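Only this structure's heavy atoms are used, side chains among them; waters, hydrogens and symmetry mates stay out. All figures in this text were calculated on a predicted structure; none of them were measured in a lab.
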Amino acid sequence: TFVLAAPYIFIDYPAFRSNLDYEGSLAVGKLPVFYTRQFIDATPVLFQIEKILPYVLGPCLLVFGVLGFFLIVFKHLGWWRKHQTFDSSEVDIRRKVLFLTAIAFLFLFISNAFLFAKWTRFIAPTFPFFAIFAVYFLEKIKNRARLSFFLTIVLLLSTILWTTAFFSIYTNPDIRITASDWLRSYAKEGSTFLVEGGNTIDIPLGGNFQRISLDFYSLEQDSFTRDRIADALYSSDYFLVQSRRVF
């Protein structure tokens, strides 16, 4: 399945290995680049809890998930030490599955949280665990019927609203298309645009315009690049800042 899903890893293994080494060096901080400076002095775990998880999960799912995780750990840690032999009872199997789920979560989360680069995608595989932990927390308080019902409604409504708000991003035109349409109506035909390369696609898309696309990533290290950018600024009518990465 792996070969079928990613055949180019084996067709061009040297390129794959080169990319892997490059990205790995960025992740652990061995290769300093300007766009990882945001992670200098960032505190592992605290950074993810403050900067990532509230936005990708929503505050309610995050709080309920964290409470459920600690409930699993505290309720099952002592039990695990006393019951290391396999018991086929449904309760025992359920406890082991829950505890192993928490262990799997920790392996995925900690191994990535302590990397120098702390991009959201690094901990993306841990997001579904919070739903499991949140449901476990709600189950543990089900004997308090009113509180359990109230918190379940709060979690469902907040998650639905958060998901809907996030999904609404994709109901609007891509910002690059919107920007290109505006540029075509605003700029004179034949105008020259200086744009930052490396943003997947350069705008404006279409229209009778000239584009000068330069690599701003090496701006600080390469004097030749700085000279080219300076020349391009003189010869261009507009300079487009497409993202905040270089900015």
Undergrad: Sequence neighbours left out, what passes ring-ring contact (aromatic ring centres under 6.0 Å, His included) with F127? Give chain and number order.
TA: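 For F127 there are no ring-ring contact (aromatic ring centres under 6.0 Å, His included) partners, ignoring immediate neighbours.
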
Undergrad: If every non-hydrogen atom of P204 is compared with every non-hydrogen atom of L183, which pair is closest and at what distance?
TA: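 Where P204 meets L183 most closely, the heavy atoms are CB-CD1, 3.9 Å.
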
Undergrad: Evaluate L194 against L233 for side chain to side chain contact (heavy atoms under 4.5 Å, CB included), listing each step before the verdict.
TA: CA-CA 7 Å; L194 170 61; L233 285 170; 3.6 Å; yes

Undergrad: Checking F16 now: which residues fulfil ring-ring contact (aromatic ring centres under 6.0 Å, His included) with it, not counting sequence neighbours?
TA: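 For F16 the ring-ring contact (aromatic ring centres under 6.0 Å, His included) partners, ignoring immediate neighbours, are Y13.
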
Undergrad: Please output the side-chain donor-acceptor pairs of residues 46-70 that fall under 3.5 Å, not counting sequence neighbours, one pair per line with the distance.
TA:
from	atom 1	to	atom 2	distance (Å)
Q48	OE1	V45	N	2.8
Q48	NE2	A113	O	3.3

Undergrad: Flag yes if F239 and I212 sit in one hydrophobic cluster, no otherwise; membership is Ile, Leu, Val, Met, Phe, Trp, Tyr, and two members link when side-chain heavy atoms are under 4.5 Å apart.
TA: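 Cluster IDs for F239 and I212 match.
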
Undergrad: Would you say the side chain of T192 lies within less than 4.5 Å of the side chain of S235, judging by non-hydrogen atoms?
TA: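 No, too far: nothing below the 4.5 Å cut-off.
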
Undergrad: Set out, in order, the CA-CA distance, both residues' side-chain angles and the distance that settles side chain to side chain contact (heavy atoms under 4.5 Å, CB included) for L71 and F133, then state yes or no.
TA: CA-CA 9 Å; L71 267 178; F133 299 150; over 6 Å; no

Undergrad: Under the rule for side chain to side chain contact (heavy atoms under 4.5 Å, CB included), what residues qualify as partners of L161, not counting sequence neighbours?
TA: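 Once residues adjacent in sequence are excluded, L161 has no partner under the side chain to side chain contact (heavy atoms under 4.5 Å, CB included) criterion.
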
Undergrad: Using a 6.0 Å cut-off, check whether atom CZ of F166 has over 12 heavy atoms from anything other than its own residue.
TA: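 It does not: F166 CZ has 12 such atoms or fewer within range.
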
Undergrad: List in chain and number order the residues that pass ring-ring contact (aromatic ring centres under 6.0 Å, His included) with Y186, two or more places apart in sequence or in another chain; answer none if no residue qualifies.
TA: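 W182.
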
Undergrad: Locate the shortest heavy-atom distance separating T36 from V33; write the atom from each residue and the value.
TA: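 Looks like OG1-O, 3.0 Å.
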
Undergrad: Which atoms form the tightest heavy-atom contact between L108 and S111, and what is the distance?
TA: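 Nearest pair, atom of L108 first, then S111: O-OG, 3.3 Å.
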
Undergrad: Report yes or no: does S158 contribute a side-chain atom to a donor-acceptor pair with the main-chain N or O of V154 at less than 3.5 Å?
TA: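 Checking the backbone N and O of V154 against the side chain of S158, a donor-acceptor pair under 3.5 Å is found.
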
Undergrad: Does atom CZ of F107 have more than 12 heavy-atom neighbours, drawn from other residues, nucleotides or ligands, at distances under 6.0 Å?
TA: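 Result for CZ/F107: open.
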
Undergrad: For S213, check side chain to side chain contact (heavy atoms under 4.5 Å, CB included) against everything at least two apart and list the hits.
TA: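 Side chain to side chain contact (heavy atoms under 4.5 Å, CB included) list for S213, sorted by chain: V195, D202.
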
Undergrad: Using a side-chain heavy atom cutoff under 4.5 Å and only I, L, V, M, F, W and Y, what cluster partners does I11 have?
TA: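 Noted: I11 shares its cluster with Y8.
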
Undergrad: Tell me, please, which residues at least two apart from D174 pass salt bridge (Lys or Arg N to Asp or Glu O under 4.0 Å).
TA: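 Salt bridge (Lys or Arg N to Asp or Glu O under 4.0 Å) check on D174 returns R176.
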
Undergrad: Tell me every residue that passes ring-ring contact (aromatic ring centres under 6.0 Å, His included) with F193, counting only those two or more places apart in sequence or in another chain.
TA: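 Listed in chain order: F209, Y238.
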
Undergrad: Does T225 form a side chain to side chain contact (heavy atoms under 4.5 Å, CB included) with L214? I'd like the steps, not just the answer.
TA: CA-CA 8 Å; T225 296; L214 296 179; 5.8 Å; no

Undergrad: Between S18 (side chain) and P14 (backbone), is there a donor-acceptor pair under 3.5 Å?
TA: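 Absent.
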
Undergrad: With distance as the sole test, does E196 use its side chain to make a donor-acceptor pair with the main-chain N or O of D215 at under 3.5 Å?
TA: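 Answer holds: no.
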
Undergrad: With sequence neighbours left out, which residue pairs that include part of residues 9-38 fulfil the salt bridge (Lys or Arg N to Asp or Glu O under 4.0 Å) condition?
TA: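 Listed by first then second residue: R17-D21, R37-E220.
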
Undergrad: Does Q221, at its CD atom, have more than 12 non-hydrogen atoms belonging to other residues, nucleotides or ligands within less than 6.0 Å?
TA: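 More than 12 within 6.0 Å, yes.
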
Undergrad: Can you list every pair that meets salt bridge (Lys or Arg N to Asp or Glu O under 4.0 Å) and has a residue in residues 133-157, with sequence neighbours left out?
TA: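 Sorted result for residues 133-157: R94-E139.
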
Undergrad: Evaluate whether atom CD of Q210 has more than 12 neighbouring non-hydrogen atoms of other residues, nucleotides or ligands under 6.0 angstrom away.
TA: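 Count not over threshold, so no.
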
Undergrad: So, do Y136 and F130 have ring centers that fall under 6.0 Å from each other?
TA: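 No, the ring of Y136 stays outside the 6.0 Å limit from the ring of F130, centre to centre.
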
Undergrad: Are the charged groups of D231 and R228 less than 4.0 angstrom apart, N to O?
TA: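 Here D231 does not pair with R228 in a salt bridge, since their nearest N and O are not under 4.0 Å apart.
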
Undergrad: For P128 and A124, which heavy atoms make the closest approach, and how far apart are they?
TA: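 So the minimum-distance heavy-atom pair works out to CD-O, 3.9 Å.
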
Undergrad: Who pairs with P44 by side chain to side chain contact (heavy atoms under 4.5 Å, CB included), at least two apart in sequence or on another chain?
TA: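 Side chain to side chain contact (heavy atoms under 4.5 Å, CB included) check on P44 returns F114, K118.
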
Undergrad: Going hydrophobic residue to hydrophobic residue with side-chain gaps under 4.5 angstrom, can you get from I160 over to F167?
TA: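 Different clusters: I160 never reaches F167 through Ile, Leu, Val, Met, Phe, Trp or Tyr contacts under 4.5 Å.
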
Undergrad: Below 30° counts as parallel, above 60° as perpendicular, anything between as tilted: where do the rings of F129 and F105 land?
TA: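 Judged by the thresholds at 30° and 60°, the geometry between F129 and F105 is tilted.
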
Undergrad: Are I229 and Y234 connected into the same hydrophobic cluster when the rule is that any two of I, L, V, M, F, W, Y join if their side-chain heavy atoms are below 4.5 Å apart?
TA: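 No; tracing contacts between hydrophobic side chains, which count when under 4.5 Å, never links both residues.
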
